[in-house]
Amino acid sequence: MARMGRHLTAALAALALGVGSGAALGGCGSGSTKTVSVSGAPSTAAGTSTGASTPSATTQTATTATSATTATATTPASEAGGTAAPGGGTRSAPEPAFTHTESRPEALTQALAVLQARGYSARETSQYHANQTLRVLIGSRGSAQQAFFFLGERYLGTDAKEPSASVQVLSQGDTEVTLGYSLYRDAVATGQQATVRFQLDDGKLAALEPLPPVSSAGVPGRL
């Protein structure tokens with residue numbers, strides 16, 4: 001009987017020791033778990049919140065540079081301080097009706113053909129200046145002479161309706177020609193000469209001075 005009591009007492013003591021050790025170990029494990037949970041949770045939350053809401057300095061710099069580039073590319077020239085380029089092609093003032101382009105080599109040949117078709121031949125081809133707007137050739141038909149005018153390569157007409165006994169080119173420019181007419185009295189040359197300037201006026205030929213009249217009895221004039 002006494003022996004059984006001793007064994008029971010020993011078993012109870014062991015049981016009590018095991019329960020105490022388990023409680024101690026449980027307390028230690030609980031404290032450790034609590035410490036990790038309390039100290040780690042806020043840190044993790046804070047880290048997650050910071051990463052989601054606050055962009056890094058590199059991201060902010062790249063975004064700013066991209067925005068600046070986009071603004072520069074899309075800003076109109078007038079807002080950026082420059083002058084906007086005009087749309088379409090360059091506009092220019094209309095040319096006068098008598099302006100011409102550079103003469104072709106066959107221009108003189110065409111002018112001579114005009115004289116020939118009217119029964120005249122050129123007395124002197126050096127008078128024809130292909131680089132001028134207003135061009136002239138003196139045509140001869142027997143003893144009669146006339147000045148033939150051209151606007152570029154286009155035939156304009158003659159100096160007068162009736163030919164003269166003697167007419168010559170005194171001077172000429174791009175749009176003006178001065179002709180000289182020998183004067184006669186009773187079919188005799190007086191040694192005098194009348195000058196008449198012919199000029200382009202809006203694409204038409206105009207005499208700036210009156211033509212000398214055809215000579216009549218006792219009145220000097222052109223033949």
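Quantities reported herein were computed from a predicted structural model and do not represent experimental measurements.
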Indicate yes or no: at least one non-hydrogen side-chain atom of L112 is less than 4.5 angstrom from one of T125. yes
Side-chain donor-acceptor contact under 3.5 Å, Y128 with R135: yes
Report, as yes or no, whether the 6.0 Å neighbourhood of atom CD on E209 holds more than 12 heavy atoms from other residues, nucleotides or ligands. yes
Is there a side chain to side chain contact (heavy atoms under 4.5 Å, CB included) between R123 and Q168? Walk through the geometry before answering. CA-CA 10 Å; R123 188 178 65 181; Q168 59 181 320; 3.9 Å; yes
Evaluate whether atom CD of Q110 has more than 12 neighbouring non-hydrogen atoms of other residues, nucleotides or ligands under 6.0 angstrom away. yes
Within the 4.5 Å heavy-atom criterion, are Q172 and V136 side-chain neighbours or not? yes
Without swapping roles, check the side chain of R154 against the backbone of F150 for a donor-acceptor pair under 3.5 Å. no
Any heavy-atom pair between the side chains of Q146 and E162 that's under 4.5 Å? no
Rounded to the nearest 0.5 Å, the CG atom of L108 sits from the CD atom of E153 at a distance of 10.5 Å
Between F148 and Y120, how do the two ring planes meet: parallel, tilted or perpendicular, split at 30° and 60°? perpendicular
Name the one of L134, T175, T133 that satisfies side-chain contact (heavy atoms from CB on, under 4.5 Å) with L151? T133
Is the backbone N or O of F198 less than 3.5 Å from a side-chain atom of E176, with the two atoms forming a donor-acceptor pair by type? no
Any chance you could measure S166, atom OG, to Q145, atom CD, to the nearest 0.5 Å? 5.0 Å
If hydrophobic clusters are built from ILVMFWY residues whose side chains come within less than 4.5 Å, do L211 and L205 share one? yes
Contact between P212 and V196 at the side-chain level, heavy atoms closer than 4.5 Å - yes or no? yes
Approximate separation, where rounding is to 0.5 Å, of T158 OG1 and I138 CD1: 10.5 Å
To the nearest 0.5 Å, atom OH of Y181 lies from atom CD of Q193 at 10.5 Å
One should read off an interatomic distance between S164 OG and D159 CG, to the nearest 0.5 angstrom, of 6.0 Å
Any side-chain heavy-atom pair of L200 and L156 under 4.5 Å: yes
Using atom types as modelled and distance alone, determine if a side-chain donor or acceptor of Q199 lies under 3.5 Å from a backbone N or O of K204. no
L183, L179: one ILVMFWY side-chain cluster at the under-4.5 Å cut-off? no
So, taking the atom named CZ in R222 and the one named OG in S215, what distance separates them when rounded to the nearest 0.5 Å? 10.5 Å
Looking only at heavy atoms, the pair that brings L137 and A111 closest together is CD1-CB, 3.8 Å
